[in-house]
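Quick note: numbers below take in every heavy atom, side chains included, and nothing from hydrogens, waters or symmetry partners. To find a chain, count down the sequence lines: A is the first, B the second, and so on, and within it residues start at 1. Bear in mind the structure is a predicted one, so any value in this text is a computation, not a measurement.
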Amino acid sequence: MRQQEDKTGDPIAGDFLENLVAAMRRHGAGVFEFENEDTFLSVVLEAKSPDISLNTSPDTDDARSEAESDIFVKSPELGLFASAGKSIGDSVIRNDVIGFVCVGPLRLAIRAPTDGLITEELARDSTPIGYQEAVFRIRPVITS
Amino acid sequence: MPDIRTVLIANRGEIALRIVRACKLLGLRTVGVYSEADAGLAHLRLVDHAICIGPAAATHSYLDGERILRAATLTGADAIHPGYGFLSENPDFAEAVERAGLILIGPASSVMRLMGDKISARRAMKANGVPCLPGSDAALPLDPDEIRTICDTIGYPLIVKAAGGGGGRGMRVVMKADELLDAVESARKEAGFAFGNADVYVERFLREPRHVEIQILADAHGNAVWLGARDCSVQRRHQKLIEEAPPPGIPEYRISDLGLACADAAARIGYTGAGTFEFLYEDGNFNFIEMNTRLQVEHPVTEMTSGVDIVREQIMIATGAPLSFTQAVVRTNGHALECRINAEDPESFAPAPGTIKKWRAPGGPGVRVDTHIYDGYAIPPHYDSLIAKLIVHGSDRNDAIRRMSTALEELQIDGVPTTASRQVRLLDDPDFRAGIFTVHTLDRRRTGKLS
C-alpha cells in the first residue's frame, strides 16, 4: 500500500488508515481519494505480488507526482494472462481491452479504467496471474 | 513411483511456513497461495512462486477447491499439501485432486471419506480392534420409538454427534431419556447446516475424560508405525490450548498396546501419510472418537519426543517411498509441551486481531517456536487466531513445565492480547501439575457446567 501524507505535513493517523484500508479491501476498492480545503489524501492498494517488481523510482518531484497518480490495473481473476498487444507507451482509452485473463474456457477481458498511457507491463503473456494482481500501470491523461 | 517436483501449499500461517521448510529440505520447488488479506504472510518470501487465489473470505480462497486446483495447474505443481483445517479433510477435494492427476499429500480420498464419516470410521475401528465407546453403529433412524430403544440400550448420559462433524458442532449431551428427542432434532438441524449431512449417531457420554491421541505414519507399502501419544485435555470449547507428550500418569504399556492397535488398523484400512487416532480416556479405558486424516497442529510435540520430522516423512510417503524407519527403531525421549499462542483475550478467548507491534521469540535449549508473525504483521480477522506455537522439550514432565514457564516469560508479543498469560497460570494449576485435567475442566470453571 502506498500512502500519502496530507498537504499540511501531518501524518494520517494510523487507526484511521487501518480502518480505511480494511473497508477498501472489504468493498474491493483499489483507490480512495479525499480532498477538502486543507487536506488531500490518496490511498492506493497495490496488488502485492512477490514475483513482480514494480520498479518505479521517479527521479524528480514532478515525475514522482505523476507516478503517484498512476493506476494499477488488476486481473479480475486467477488465471493465465493473455496479451492484447498493448505495451509500454501505448495510449489507451477508457474501456479499451488491454489484456485478457483465461480461466479454463473463459477469456475475461481486462479493460482500461481510464484514458491514459501504459507506463508498465506487469504480467507476461501466457503466464499465471493472481486474483487482483496488477497487470498494467497506467498514467491517466488529465483532461480539463 | 510418483514424481514430486513442485508442492503447492494450500494453507496459510505457521503451518504453511512449516511445510515450505520441509519441502526445502527435500529440494522441492514450492508454490504459496494466499488470499487478498494475506499478502504479507511470512512463507510467501520463501516459496518459488506466490499467487493470490481470491478474496479474504476463506470460502472464496483457502476453502475453494476449484481455485486451489486452478492455482496448482497454472503454476505447474504436481502435489498439494493441504496442511490442517481448510480442505485438509475434505474427501471431495481429495478426489478432485486425484482426478486432476495430482498428488494430495495425505491419504487416498476413499480412506479420507471412510474416516471422515464418524459412523463408518467407528465401524472400521471396531472391526480392526480399536476400542470404541458403546454407541449406535449406524445413523439414528427417524422413528422416535426406534431412537428411544437404541439409546435406552446404550444408557444415559449419552452424547448425540454429527456423522460428518467435528469441533463440537452438531453435538448434544443428553443426561436423561426425556431430553433425547429434542437433542436429536436440534443436533440434526445443526449438522445439516454445518456439514450438509444431517445424520447423527450416539455414544455413551463420559463425564471426566482426558483427550489422548496416537500419531501414526503409514506408507503405500503396508508399513505403519506409531510415534507416541499426546495428551490434549487442556481445551476450551473443544479448542486445544496446551498439548503434551507423553500423556502423564498412563502406564507406558497401555499406550504401547493402543499405539500398536492404531498402526495395525491404519495399515489394514490402507491409510497413507500422517494421521491421528483420537481417544477419550476415562477410568483406565481408551475410547476411539475419531481419526484426523491430516497433519495435526500439535505434531511438533511428537517430533520433539520422537525425533521424527513428520512433515518430511509425509511428503516422502506421498512420493511412494517406503517409511525411512521401522517401529523397532522408534524411541520416545523425555517430555514435550506445546502452548498454542492465540491472538485472543486470555480470559474470554474472544479473537483479537490486530497488528504485532513487537515480537521477541524465546529461545534456549529445548525451545522451538513455530510462527509466521513478525514485527508489523497484521493479523487478519478472517481466519483462525493461532499466531504461534511454543514447544519445549525437557528430560521429564517437570523439566518441560519449567522450560515452558521460562519460555512464556521470555516471549514478547506487543500489539495484541494473547493466550500466553493464561497459559502461564495454567502451568501452575494444581490439576495440570497433577496431570488430571479433563477436556471439561476449563469450560466447567468458566461456566460452572459441562460444555
Side-chain angles (χ1 to χ4, degrees), chain A residues 1-3 12-31 43-54 72-82 100-108 110 122-135, chain B residues 6 8-10 16 20 29-62 64-77 96 100 353-357 376-382 415-416:
Chain A
M1 187 191 77
R2 290 181 297 132
Q3 66 190 53
I12 303 298
D15 283 353
F16 169 77
L17 269 181
E18 275 180 22
N19 293 336
L20 173 62
V21 169
M24 289 171 69
R25 286 195 182 284
R26 254 197 326 274
H27 297 289
V31 180
V43 178
V44 179
L45 292 188
E46 293 177 354
K48 293 183 183 172
S49 66
D51 276 355
I52 294 168
S53 160
L54 291 178
F72 288 89
V73 186
K74 296 173 182 175
S75 170
E77 254 308 340
L78 164 69
L80 201 65
F81 177 71
F100 301 93
V101 58
C102 303
V103 183
L106 295 176
R107 194 171 157 92
L108 308 174
I110 301 171
L122 294 159
R124 290 190 303 277
D125 190 33
S126 301
T127 57
I129 190 84
Y131 175 80
Q132 291 294 302
E133 192 174 313
V135 287
Chain B
T6 303
L8 180 142
I9 298 142
V20 172
R29 284 187 76 248
T30 47
V31 175
V33 298
Y34 61 99
S35 78
E36 255 198 306
D38 261 350
L41 283 176
H43 77 288
L44 299 176
R45 293 172 157 274
L46 302 180
V47 295
D48 296 289
H49 192 145
I51 193 157
C52 181
I53 53 169
T59 46
H60 298 298
S61 50
Y62 303 108
D64 187 334
E66 189 277 324
R67 282 176 182 274
I68 298 284
L69 275 173
R70 201 193 312 164
T73 307
L74 285 166
T75 56
T355 299
I356 306 289
K357 299 235 176 351
Y377 173 68
I379 305 161
H382 314 280
V416 292

Of the backbone (N, CA, C, O) and the side chain (C-beta and beyond), which part of B:Pro380 lies under 4.5 Å from a heavy atom of chain A, both, or neither?
neither
Please classify the contact between B:Ala57 and chain A as side chain, backbone, both or neither, with a heavy-atom cut-off of under 4.5 Å.
neither
Which of these, B:Cys52, B:Ser35, B:Ser61, sits in a side chain to side chain contact (heavy atoms under 4.5 Å, CB included) with A:Tyr131?
B:Cys52
Quick check: does any side chain N or O of B:Arg70 sit under 3.5 Å from a backbone N or O of A:Leu78, one acting as donor and the other as acceptor?
yes
Just so I understand: if I count every heavy-atom pair under 4.5 Å between each of B:Ile53, B:Leu74, B:Thr75 and chain A, which residue has the most?
B:Leu74
